[in-house]
Structures are given as C-alpha cells and as structure tokens.
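Worksheet: the structure to be examined is printed underneath.
Residue numbering restarts at 1 for every chain, and letters A, B, ... go by the order of the sequence lines. No hydrogens, no waters, no symmetry mates; every other heavy atom, side chains included, goes into these values.
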Amino acid sequence: MRILQLHCDYVEFTPVKKEIKSAEDIDPQTKRLEEIVVAFIAVEEGDNSEVAKKAMSEISESMKKIGCKRLLLYPYAHLSSKLASPSMALSVLKEMESNIHDLEIYRAPFGWTKSYNLKVKGHPLAENSKTITAGEEKESTSEALKAESKIQSFWHIMTTDGKLHDVSSFNFSKHENLEVLAKYEAAKKRSVDEPPPHVKLMKKLAIADYEPASDAGNMRFFPNGRLMKSLIERYVTDKVVEYGGLEVETPIMYDSHHPSMESYFHRFPARQYNVNSEGKQLFLRFAACFGQFLMAKDFQMSYKNLPLKLYELTRYSFRREQSGELVGLRRLRAFTMPDCHAMCKDMEQAKQEFRKRFDLSKEVIKGLGLVESDYEMAIRFTEEFYTNNKSLIEELVQKHGKPVLVEMWKERFFYFVLKWEFNYIDNLGKASALSTDQIDVENGERYNIEFIDENNKPQHPIILHNSPSGAIERVLYVLLEKAAKDQKEGQKPMFPLWLAPTQIRIIPVKPEFLDYCNNLADKLTENNIRVDVDDRNESVGKSIRDAETEWIRYILVIGEKEINATMLSVRDRKEKDPRNLTIEQLISEIKEENKGKPFLRMNMNRSVAKRPQIMV
RNA sequence: GCCUCGAUAGCUCAGCCUGGUAGAGCGAACGCCUCGUAAGCGUUAGGCCGCGGGAUCGAAUCCCGCUCGAGGCUCCA
C-alpha cells in the first residue's frame, strides 16, 4: 500500500462520474472539510487486513504528532503501478475506515472520477509518504528528509570586513567560483550534458573504476589509487594527531533500534544501507558520529579533560545516495571519511577550538595541493547564533581572505548552530564540499555524553564535528579535476610529487644498461623515492611517451653518456628542457619538495615489463 | 524517483539509417629491429554483436519487452 499524507487547511472534492462498474453508489455532492489530514491511498496487490491495520496505526501516530484529529481517506490509484483489484481495494479501505475510533474519519467515494482542491500547510511535517507491506517492516522515508526542504534560508555574501551583502546585488566579477557556488546552492540547479573529466582520468591513470558487480558508488581502487589513498589518509591522520586528535576505531554497523539511533534518524536525514541479521535490523554507518559518541558516553570525563578530541578515519562510511547523483569519485555510496569530534565544556571553549580546527583544515587543504583560488567557503548559522557571535563568524571570513557564501536560518532545524565548509568547483561548475566543521548543541544530550563541571555537576558537552579534508575519494576527484583543468588550459597535468604513484622512471637506451638502471633505482629507493624501470623492449621514444602519458614527473634516460659520467639527464615534467643533475642533487630536490609529507613504497612492480596492463 | 543515451574483441570504438561471410586502432602472444628524449616493423590469436521474443527466405542491423550500465535532473548534514 502506498500512502501520501498531507496536512491541509482544507480539502474540497466533487465526484464527477463513475469510473468503473463496481463504483460505490453515492450522492455526487461537493464536500468541503477543514483542518484535516488527507491520506491519498493506493491499495496494492497482496495488501490485506494486516496492512490496513498497520497503515491506520502509522497514520494515527503521525497525526498525534501534528495534533490533528480529522482524517480523509482518499482512494488514489496513481501512486502505484501494481494495484489490487477494485473489490479488494474497497474492502481494505473500508477496513481502514472502521479500524479507528479516536479520529473523526471521512472517506472519499471509490471508483469515481473526482475533481479536488486542497491547500497544504507549510510546516515541516505536513507532507509525508509511506509504503506499507504485509509481513516485513516498512521502509519509511525519514520525515526529516521531507522536512529539510521546508527550512527557510536566507542567502548572503559576507565580505572580509564582516558586511553582509545581498546575493542578487553582489558584484561577483572577481569571484566567479563564488558566484557558481551561490547559484548552485541557492537555486540548486545547474544543467550540463557531459561527464566530468575526472571519470576518464581515474580510469586512464589506473586509479579507480566502477565495480559493476557491487552496488553503484562502490568503487574499486587499483594499486595506484590505493597508494594515493593511503598517502592522503596517512597525511590527514598525521595532521589530526598532531592537532591532538586521539585515533580510535568503531564498528561500521549499528542497531537501528538503539534509542540514540532512532532519535538521531529523525533529526538527521540520510539514506542508509540496511542489513538484516538474525532478526536484528542493522544499518551501515553514514558517519563516524555514532561510534565516537557511544564511545565518549562510556568515558568518565571531568571539565579538566576537555576539550577531548576523538578521531577516526572511516573506511568506509556508507550512504545510499540516489543513483543519479553518483558520478565518478565525486559522490560515492562507500567512502573514506576522516572525522574528528571535539567535546567541549561550553560555548567559549567550543569557539576557541573551532578556530584551531579552521586553521587545521586550511593547512590540510594546502598540503593536499590546493591553493586558495581553488575553493570557496560557505558558512551557515542560525540567526540567533549570528546575533550572539558575530565576531567569531567575521573572524573566520577574514581568515579565509575573500568573500564567503552565507546561509542563515531563521530557526535551528539541524543539530548544529554553526557550520562552514570549503567547496571545490569542478570543470562543470559543480560544487562539492571538502573540509567542514560544525558546532553541535544537541548530540551531547542525545547520546548522554557527560562530564563533571567545576561545581561537581554533570553536564553535556558541546560537540564539534570536523573533517579537515572531506572524503579521501573526493580529494582524489578534486586533484583529478584540477589536473584536467590545467590540461584544458594547455599546461601539463600532474599530481603533487608526494602523491605520484611513480616519481621517477628510468629508461635504458639499450637492454645492456638495465643492470646499471636497477642499481640506480636501488639507490633512489633507499632514499624514499618511488622509482621504476622501463625494461620493455621498446624504442626510447615510445618509452618516454608512455611515461609522459602516465604523468610521471622525472624521467631519466640512461645510455653510454650517463654511465660514463656523474651527471644524469633529468627530464622534469615541470621544465621545458632536460636538466643535468647528479643523483645527489636529484635526491635532495625531491626530498625538499616532499618535506613534511608521508612516504610509502611503490605499489607496483619496479619492472614495467612485468606489470599487467590495467587501463589503456 | 524522473529524463536521455548506451551495451559489438581485453580496452576505445566503427558497422545499424538503406537487412545478405564480423571491422579498425590500441593492447596481448610470437618474431624482426637494438634504438638518445612523446608512438620502429611484421605475423598470429582473440566475438553467443547484453538477454528474450516478433516480423523476414535471411538480423549486429527493423519492431516489442527485459536486464545491466552511464550521464543529466531532483537531492545532498
């Protein structure tokens, strides 16, 4: 059975003519009802009296929440494509009608073409749809999800002097990406008809690919991609630990009926993967929050321990995003999310910590190879928070150093009062969030996390939710899109050196120089450089071409000249002409460039000839 | 969820409109060449033309249905 439930100021309907033979015999008068919940209902194949009972208890429960006592059952075939027979449908509807006693109930006639007219109320719970089937649990659409679109937002641009400007009158001429973001967010619309360029690149460079045997949005990562992910993960984790985060690990699935989860679901719109096991209804986490909050609840904390920062890099978090929005690495259903929560004793401490994490996020983004013109900041808050904390918000915008998109909510609907994020604008004008942080004033209580304050009283902490980089897969997407942009502008695309799967390729002019090449590669490897040797029996030209198409930064061609001298001929992707360097000079140049970044060994056979061909 | 497009060799695709022996490039295997900064040459192997039905003497090609995939829209703390 499918139900669309609307809370209305009024509804009017007029039976026009009988649509089927078995239509009810009634007096075709116009009927008007006020202050009423209208339930449009399609009875489907297999629906029975159990379904009727379930449906009525669902409906009356939600009506209790919105404080309405009048109900109209309205037969509405168009909600389903596998309708029950008319006689069955009518009997199920009649059963629903007779099943309820504490509501004033009406039913529109069955089998008639009707004209109708109604006015839906504007509040968050006014609209609701349900699917009810016999036997198994119904799959409900989160009411929060429905309600979200109802929140009233006011959009502005804040300049670094703290002034708010109207989006429509702001001069975006020097801030094109911000304009894209503002339009993208406020209008939530953008039409493009080509795939984003990173999709081709992720395959061509043997980083990642779709896995048709899995669910959409669950990618496979080839050795190159796995290496790059590992490096980014290591880097972000190092940075968070340096900041004071304590790394933990928590389960990836949770009981949907755990009390904290149930209430979180109502508040937090998300489409989760569900897993049934031995009668338990489990869901796959869509954030690290659950695990960390449940863990923090079991800590005994004093105000002296705060702020306490827990960190987890979730491999994976899962969200069952709508199939249509899954494109390449931009948005996935399984993703790796660094997530750092800080429990703070009060708003003052929270604000102080919030500043630190803003700096941390900026630093991490920079380390990943993005410059400030690559991303745009958006900041969102409730009107009340803004009024009381103007200086914090202005300070963040000033630190960002350029105008910021502002979304202000009249009332708090989410669990947070303040949130910012950095958005990357890709080649198709799509915005995706990278770093983000939030001030959460609700979940401390929901999860019953407590600390003892100066007066020996238990208190709930304010919790900050920070991801300094955003999803790791999304970082890859951004790096690829950025490289594609460089390519489009006529520059050679490349990765930051510390992330390049191969940093140096050695190409012998003849096979007899292979031993020399391998010795050279040994020496470079000892110095934490990822180096491989093209030992295929190919022409030098071909080998160089292949190395270039793999975006390899340094190419060393080894022939008689190099073997008989100390200078290497170094082809540097960043330079036009080859340079002559000693091996020591080359090593120290690379070390200097990779300073402060993690190192992992090559994740491919050194011998190019021994590699399988992953992507052309 | 809605709309559009697609599915042919390991990969990228042509052939389809106008029905009549299944094509190319890359890659792979084998051989030749032994090479100095972006593609050296040759030979060979490799196909249930997504699945099911229909009309036809005959279907990769036309029609219908299905499956899977992709892209867009919607949505996105």
Would you call the rings of A:F290 and A:F286 parallel, tilted or perpendicular, taking 30° and 60° as the class edges? perpendicular
Give the ring-plane orientation class for A:F495 versus A:W551, where under 30° counts as parallel, over 60° as perpendicular and anything between as tilted.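 Answer is tilted, since the angle falls between 30° and 60°.
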I'd like to know if A:E321 pairs up with A:R333 as an ion pair, taking the criterion as any Lys NZ or Arg NE/NH1/NH2 lying under 4.0 Å from an Asp or Glu carboxylate oxygen. no
When A:I544 and A:G217 are each assigned the nearest nucleotide of RNA chain B, the 5'-most assignment goes to A:I544
A:N423 backbone acceptor or donor facing A:E376 side chain under 3.5 Å: no
Does any residue of residues 557-575 of chain A have a heavy atom under 4.0 Å from RNA chain B, and if so, which ones, in number order? A:V557, A:G559, A:E560, A:K561, A:E562, A:S569, A:R571
B:U74 P sits how many Å from A:E321 CD, rounded? 15 Å
Interatomic distance where CG belongs to A:N537 and C1' belongs to B:G42 [whole Å]: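 The distance from CG of A:N537 to C1' of B:G42 comes to 15 Å, rounded to the nearest Å.
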Which whole number of Å gives the distance between the P atom of B:A24 and that of B:G69?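 B:A24 and B:G69 have their P atoms separated by 31 Å.
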Pair assignment for [N], Watson-Crick or G-U wobble, requiring both distances under 3.5 Å:
{"N": "B:A60", "answer": "none"}
{"N": "B:A14", "answer": "none"}
{"N": "B:G71", "answer": "B:C3"}
{"N": "B:C33", "answer": "none"}

Return yes if a side-chain donor-acceptor contact under 3.5 Å exists between A:E562 and A:S569, otherwise no.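 Result is no, nothing qualifies.
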